[in-house]
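Here the structure is a predicted model, which is why all the values come from computation and not from measurement. Every heavy atom of this structure was used, including side-chain atoms; hydrogens, water molecules and symmetry mates were not.
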Amino acid sequence: MPRKKGHIQDSDHDLGERIIPMGASFDKSAVASFPANTVFTSKYTWWSFLPLVTLEQFQKRANVYFTFITLLMYVGEHSTFIDSTVSWWSTAAVLIPMMALSMVISGLDDLRRHQSDRQINSQQARVIRLGGKYRVYLDTVLWKNIHVGDVIVLKSDEELPADIIPLACSGSDGQCYVSTANLDGETNLKIKACAAEAQAFLCEGHAHGPPLLDQAVEKLAMLDAALHVEAPSKSLTKFSGSLKIYHRDTEESTSSLSANNLLLRGTRLRNTAWLFGVVVYTGKDTRMVMNSRDIPTKLANLERVVNRAMLVVLGAQAFLSSLSSILYVSNEFRFRTSWYLYPSGTYIKEGVAFRLAANWFKFFILYSNLMPISLYSTMEICNYAQAFFVKSDLKMYDEEQDCPAAVRSTNLCHELGQISYIFSDKTGTLTQNVMELKRVSFAGQVFGEITEEPGFSDVAGVQGWRQIGNHKRVDAFLQILSVAHTVMVTTDKQGCQCYEAESPDEGALVEGAKQMGWHYCSRTADSLVVQVHKQSLTYKILAVNNFNSTRKRMSSLVQTANGETWLLVKGADNVMMDRAENVPLWLTESLANFSRSGLRTLVLGHRRLDPQEAQSWLQTYDAAQCALEGRDAKLEAAAENIEVKLEMVGVTGIEDKLQIGVPDTILKLRDAGIQLWVLTGDKLETARNIGFSTNLLSVEMDIRVLEHSENISDALQELVSPDLLPEDREDSALMVTGAALEQVTAAGLLEEFLQASSACSVVIACRVSPLQKAQLVRLVRESSYPQPVTLAIGDGANDVPMIQEAHVGVGVSGKEGRQAVNASDFAIAQFRFLERLLLVHGRWDYRRTCKFILYTFWRNAIITMLLFYYTFFSGYSGTCMFTSTVWTSFSMILFWPIIATGISDRDVTAKQAVEHPSLYETGRLGLDLNITKMVEMLLSAFVHSFVIMTIAVVAVMDLDVAATGSYYSFGFMVFSWVVLTMNYRATFITTTYNYVFVAALVVSFVSYLIFAFVYCNLPSIFPEVYGTFQHVVRNPVFWMGSLAVPLLAVMIDMFKAYLMLEFFPDQRDLILEQSLQGKLSDHFRAAKGDAARRGSRSSSFGRSATWHTGEMSAISSGYAFSFPEGQRVQSLGSVPRLQMDFDTTLLDAMPSGRPSPSFATIASSDSDSGGSSGSGSHEPPIQKPRPSQFSQQAMPSVQFALNRKVVLVALISSGILFVLMGFMTLLYSESSSQFRVVYDAPDDWYAGVDSTASFAGEVFVRPCRAPQRCTFNIAVPANLDPPIQVYYEVKPFLQNYIKYISSIAWDQLQGKEDANAGVLCEPRTRETPQGKEIFPCGLIATSVFNDTFEIQGIPIDTESSHMPVWRKFYNPPNYLERSNVTWLYERYPMVTSRALGVQSKRFIAWMLPNFLNRAGKPYGVVSQPLQKGQLITLHITSTFPVKGLGAQKSLLLTRGAQNYTLAYILLTSGALCFALVFTVVAIYLSCGRQPGKPRQRFSSFSSTWRHTPEMESTSSEEESSA
């Protein structure tokens, strides 16, 4: 009865049923309520990128921290609460580029996802449209434009763009085949069926008419129907719906729909010439999208360590801030009484708590550099490069699949070097997932052997035994193999016949039967043809009871040519035996025998049915098939009723071949100390033999078994008994079944189980589900302490939970789709590549990452310690030693060399790393980055910073004499020394020097030079440092310090590294020593276990705790877990299929959808989408990495190895240089002449001071306190040749006090208007009480030293060109013209003149604040010689007040400079170097260690000490250069 045209109905389509009209009733306007067919895997859109990626950046603790610091700095600059000593932009200028870099990387990653989405959504599909001249036509649309209700047409091998209900296909009786590898990882084909009523309606054509496709398309215009389907759901195996067809002359007909009638997006049509169906779910409503999940974000173990280290650093920063704040508040009143610092008075309004808090924030900002701002960005750069090397490694490239390694989580590269547990799937991971029938058993006879030759090896034996009167037994066995299956016969591209099976096992069985004479030829919906010895036999298929994981068997009810009805059954041994009428002894023996050989077993059985029983059962079966509700349960119940009283026919043994190199790889991984867990669905016996063949197990091992037990607690207690535990974990293994794990979990005994498994080096879990695999990984990951780093490796969709649960997931590109690869962090083509991935790349990357993490913390700790030391010289005021610009430049200049180390350093070669897997313990035990390493790093930073600060302070005397001791010039000098020291350190911890490292070192120094030149030559931007660089480099002390500071670091590091190498060498040191000698000792060549011994398959078993076979009920088949979840086939009646039925001429002229990318493309591009098939072997490799020296990490390089000779050469060279510099400084000091006159000092200073005392030159005490003019007669103590420099000094005098040094209006001194003068200058320094403007303003400019000195008869030129004053200041353009201004010459007429103004050299020298807590400045130059004993008359006008400051004023006349302290320090350093040389020689002569041999006396202690993660590592940072 026809139905009125209606609309698509949707009773809340997200929650209720969908009603979709079809054919003539279809209304396109009604599809707008359903989602589009566009699928997105990208994270960002153009409008959401910036907010989302910014939010992600602030999920990193360091970014939040430095943003907080920047805000504090900004508040400090614009408020009175915090007196910030560092400009806010100094941190922002580093933070913003670093965050931007991370954002760009995230954007590029997402751009690839967008490109992949665009590629998929823009594929083309064919759609059948109603209308036009012929009432129906074909159209081409993009996937994203497909809507619910559209009818799409597909050809074989094309991918489905949406979820559809198939209406008609070329397959007999509406059967079609699809590959679901993209969804569930299974490569076997699934049988699906078109809607029965639709197939019958559309495909009722005569045999000699147009092609069937043409007829079906034409009839679609006459179809008036409606689909009733459930709401969108995640279930891949369940679906309910119905199809109603409205006939013109009869009532409507309804047919039920199940999951068998639903084709899902992502599946691919196979072995079916054409198919068309109606779209029911699109876009986000499709099963594939609803089941997709975001790959969990994994935090690397080293990142967790860094986060914990940052908390420690934060605590240290808070401690230093608290200490500095307390010191400042405790001394604040003393500074408040200094008139030049606080001219407004000494009154303190705030309370102690407030001042402590405010100053705490000030110092917290100052020490913020202790937290490395560039660490995360540096790690991302290094991670990206390390990932590139992994992907480019030709030794991990698989030629057959054209598949390189892939990296999806770049932050986990170094995690590969810390693996303690490996959880591995077996089938497809350790094995090739290539099944071959190797052995059979029937009637007590066993045929076949396991050989390397493909196929069944004993065909002649079977045929010979058949010919001697056993044909019935043989034929019964082969009949089950060749008839009871769902294999399809197809033709490949070369025209050869081949089989398409739902499981590899089933295909192997049919192929084996073919080899033994039963050749399966073809099948239709209700019949099957087998050729037996050149005679064709046709079997009528009455029913098929398909396999599922509960039944663990499949059966076919067939009728032979002679009319007999047989039930042919095959399945897992345990379920088959339960349904057997009798279990012969030979069958159980064959099962045990096959399992011991590592074969996958299967039991065959049959039963003959009388016609009445068969007919009665078929009625029950047909009723179950037609049931609209509970169809699956009714079908299973029907199968249970007939699969009884089976006669056991035989046993098959299928070999799943091992992948190439698996045994050797496992041996290497075990020698590396990694505990291996193999999680498989195979039976216990099969898993045991696979364990032996893969070198997991050896005959010497104590193999324990945990099976299902009535008292699981007692069984577990026996395993953990101390009396039964072996002393060596290497000699024990544990095998556990899935049933036992369920008992352990239910009984809450997981801790006990973990204790038992931890005592073993190998654990094999049998018959475990995907959920149990993930639970085992979670158990080890979360319950072990310290938490080990876990790795899970698999190749199928059932391995995805395990892969995502582990710290590191590795997908293997196999024959089970791409689900495991897409969910993994790394992807490789073969299991054997795991050896190189871990032992080479993992170990290299771990050590590289640890080096640059420790270096980065060390670098920032040195800078912070220098700032802390400097607070003691700046009145605890928080003055930063470096300007904000220099502060900002540290990260930009110093990160180049350590990035090169993090990218390309190699402490051992790849060959050495593989040959000596015990080297892997460095990362596995966390020896290179732990608490001890952090403490060692902080101590090293303390020593190195102390050395730098000592040299700097001692050198101040010379620098003051040369006017280089100003705050800006001296800070720049220390900055230069820090750059040298840190680049030296990067060089020292680097083992391999190649082009990359040398280039990075050059870039770092060039960056420093460019920065220094530009920074010091832009007076309009940086007036405070103009000319500083050029002036500093002219001073010999700069070059002396540039040599002395790194040499002291070399001396300290070299000797410490030598002691570690001599007394506590690790295996890496010994291997390098042996390789340098051109040989390796037997100590390393001896393997921990003999490979041949481990590969043995024979064993004897004694006690119950070791291996036992158990009862036969425990024997089960791997077949139960390898066979797919097939769908039942509904018989629709036979429709003759002719060649015209497969004619697709109608579609051939239309474009087809582009194939999705292969796995290789996905792997190399890190895309999460694409197809399932890789390139054929005939195609040229397109994914092969480039064989460049850089990408293969094979650049020419020099490997630095520390040894006794190197240490001696370094120490002797350093000692000689120190002695030379010391004597040069001493001789220069001796050749210099000077005398000093102290003329104003505190009263207590005069007490006990002899007026003729001398120190580093004569010192004369001539009191002349301000304010007064004094005259003294002084006998010159030594000859002074012109030009004689005249200096004055006030000490202590805090010109570097933060309040004082920040009050300079630099624009005023450059002759410009200073808009910030009102902020920089206090009111009393900006305006006189009479209201006049003070020019220039500021504390320094209003407290100028104005004492004068005269030598009677000998002029002192205060504007001499010989004065070491290189800066120039400029008066404003309207100088002297402005009214109501008090100029400098008016306030200090003794310092400058009206004509000079701010251009006076005395004033210029005063305005450059000193680095330390004293003011030492040039006064002028005497151009006449002074002879020894010459009596001169000195006139001093003492005006500058120091009373109350506790300071003294002195006058210095000098020719040259004297710095005996620096000379003594250099000579002492040289002597120390030679003392260390003698120490090294004494150690060598008395107890020297032979190269390449461990020190026996300390070996036990060294081993214990080095293998404790919480303790210090054998391989220290310094020793990495060995």
Side-chain angles (χ1 to χ4, degrees), residues 301 415 418-424 666 669-680 687-688 691 696-698 700-707 709 712-738 740-745 747-766 768 772-793 802 805-808 838 917-918 920-921 923-927 930 1088-1089 1105-1107 1503-1504 1507-1510:
N301 183 57
E415 200 88 332
Q418 306 172 77
I419 304 300
S420 296
Y421 287 82
I422 292 179
F423 297 86
S424 175
I666 289 179
L669 296 176
R670 286 189 58 197
D671 287 343
I674 300 175
Q675 187 169 352
L676 285 96
W677 289 42
V678 175
L679 314 180
T680 177
R688 168 189 174 274
L696 275 169
L697 305 176
S698 65
E700 287 80 8
M701 275 188 171
D702 180 15
I703 305 174
R704 299 161 176 271
V705 178
L706 183 63
E707 296 183 272
S709 173
I712 192 66
S713 178
D714 291 346
L716 200 56
Q717 189 63 37
E718 181 182 0
L719 292 177
V720 300
S721 173
D723 298 333
L724 297 178
L725 287 177
E727 295 181 2
D728 187 1
R729 196 186 75 171
E730 294 291 324
D731 295 331
S732 62
L734 174 65
M735 302 191 70
V736 59
T737 64
L741 285 175
E742 291 179 357
Q743 283 187 299
V744 169
T745 303
L749 300 174
L750 289 175
E751 292 292 336
E752 289 77 4
F753 171 74
L754 183 61
Q755 180 183 353
S757 61
S758 299
C760 305
S761 62
V762 173
V763 176
I764 300 178
C766 316
V768 289
Q772 285 179 319
K773 291 182 178 182
Q775 289 174 340
L776 286 174
V777 176
R778 189 182 308 115
L779 172 65
V780 173
R781 174 175 176 169
E782 297 180 355
S783 301
S784 301
Y785 184 82
Q787 186 181 96
V789 180
T790 57
L791 179 147
I793 180 171
M802 172 179 71
E805 188 64 45
H807 291 92
V808 180
L838 267 58
S918 57
Y920 189 78
E921 70 177 10
R924 181 172 56 82
L925 300 177
L927 300 182
N930 48 47
K1088 287 188 175 181
T1106 58
W1107 172 264
S1503 176
T1504 303
H1507 285 71
T1508 305
E1510 291 78 9

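When all heavy atoms of Val762 and Met701 are compared, the pair lying nearest together is CG2-CE, 4.1 Å. Nearest heavy atoms, Leu754 versus Ser783: CD2-CB, 3.5 Å. Across all their heavy atoms, Ile712 and Ala747 have their closest contact at CG2-CB, 4.3 Å.
With Ile764 as reference, Leu697 is the one residue of Leu679, Val736, Leu697, Leu676 to meet the side-chain contact (heavy atoms from CB on, under 4.5 Å) rule.
Side-chain polar atoms of Glu415 and Asn301 form no donor-acceptor pair below 3.5 angstrom.
The side-chain hydrogen bond (donor to acceptor under 3.5 Å, both in side chains) check on Thr737 picks up nothing, with sequence neighbours excluded. The side-chain contact (heavy atoms from CB on, under 4.5 Å) test applied to Gln772 returns Leu741, Glu742, Val768, Ser769, Gln775, not counting sequence neighbours.
At least one donor-acceptor pair closer than 3.5 Å links the side chain of Ser732 to the backbone N or O of Ala759. Proximity of a side-chain donor or acceptor of Thr790 to a complementary backbone N or O of Tyr421 within less than 3.5 Å is not detected. Judged by distance alone, with hydrogens and angles left aside, the side-chain atoms of Gln787 form a donor-acceptor pair with the main-chain N or O of Arg781 at under 3.5 Å.
Annotation: the span from His807 atom NE2 to Gln418 atom CD amounts to 9.5 Å, rounded to 0.5 Å. Between Leu716 atom CG and Leu749 atom CG the span is 6.0 Å, to the nearest 0.5 Å. With values rounded to the nearest 0.5 angstrom, Ser757 atom OG is found 11.0 Å from Glu752 atom CD. Distance check: Arg924 CZ to Leu838 CG gives 11.5 Å after rounding to the nearest 0.5 Å. How far CD of Glu782 is from CD of Glu805: 6.5 Å, rounded to the nearest 0.5 Å. Between the OG atom in Ser424 and the CG atom in Leu791 there is a gap of 9.0 Å [rounded to 0.5 Å].
Contact check for Thr745 versus Phe753: no side-chain heavy atoms found under the 4.5 Å cut-off. In this structure, the side chains of Leu776 and Trp677 come closer than 4.5 Å at one or more pairs of heavy atoms. Arg670 is listed as a side-chain neighbour of Ser761, based on a closest heavy-atom distance under 4.5 Å. Within the 4.5 Å cutoff, side-chain heavy atoms of Val678 are placed close to those of Leu696.
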Exercise for the section: Take Tyr920 and Leu669 through the side-chain contact (heavy atoms from CB on, under 4.5 Å) test and state the conclusion after the steps. Expected result: CA-CA 9 Å; Tyr920 189 78; Leu669 296 176; over 6 Å; no
Problem - Derivation of the side-chain contact (heavy atoms from CB on, under 4.5 Å) call for Met735 and Ile703 - result: CA-CA 7 Å; Met735 302 191 70; Ile703 305 174; 4.1 Å; yes
Practice task
Please report the C-alpha distance between Val763 and Gln675 in whole Å, then the side-chain angles of each, then the deciding distance to 0.1 Å, and finally whether the side-chain contact (heavy atoms from CB on, under 4.5 Å) criterion is met.
Solution key: CA-CA 8 Å; Val763 176; Gln675 187 169 352; 3.9 Å; yes
Exercise for the section: Check step by step if side-chain contact (heavy atoms from CB on, under 4.5 Å) holds for Ile793 and Phe423. Expected result: CA-CA 6 Å; Ile793 180 171; Phe423 297 86; over 6 Å; no
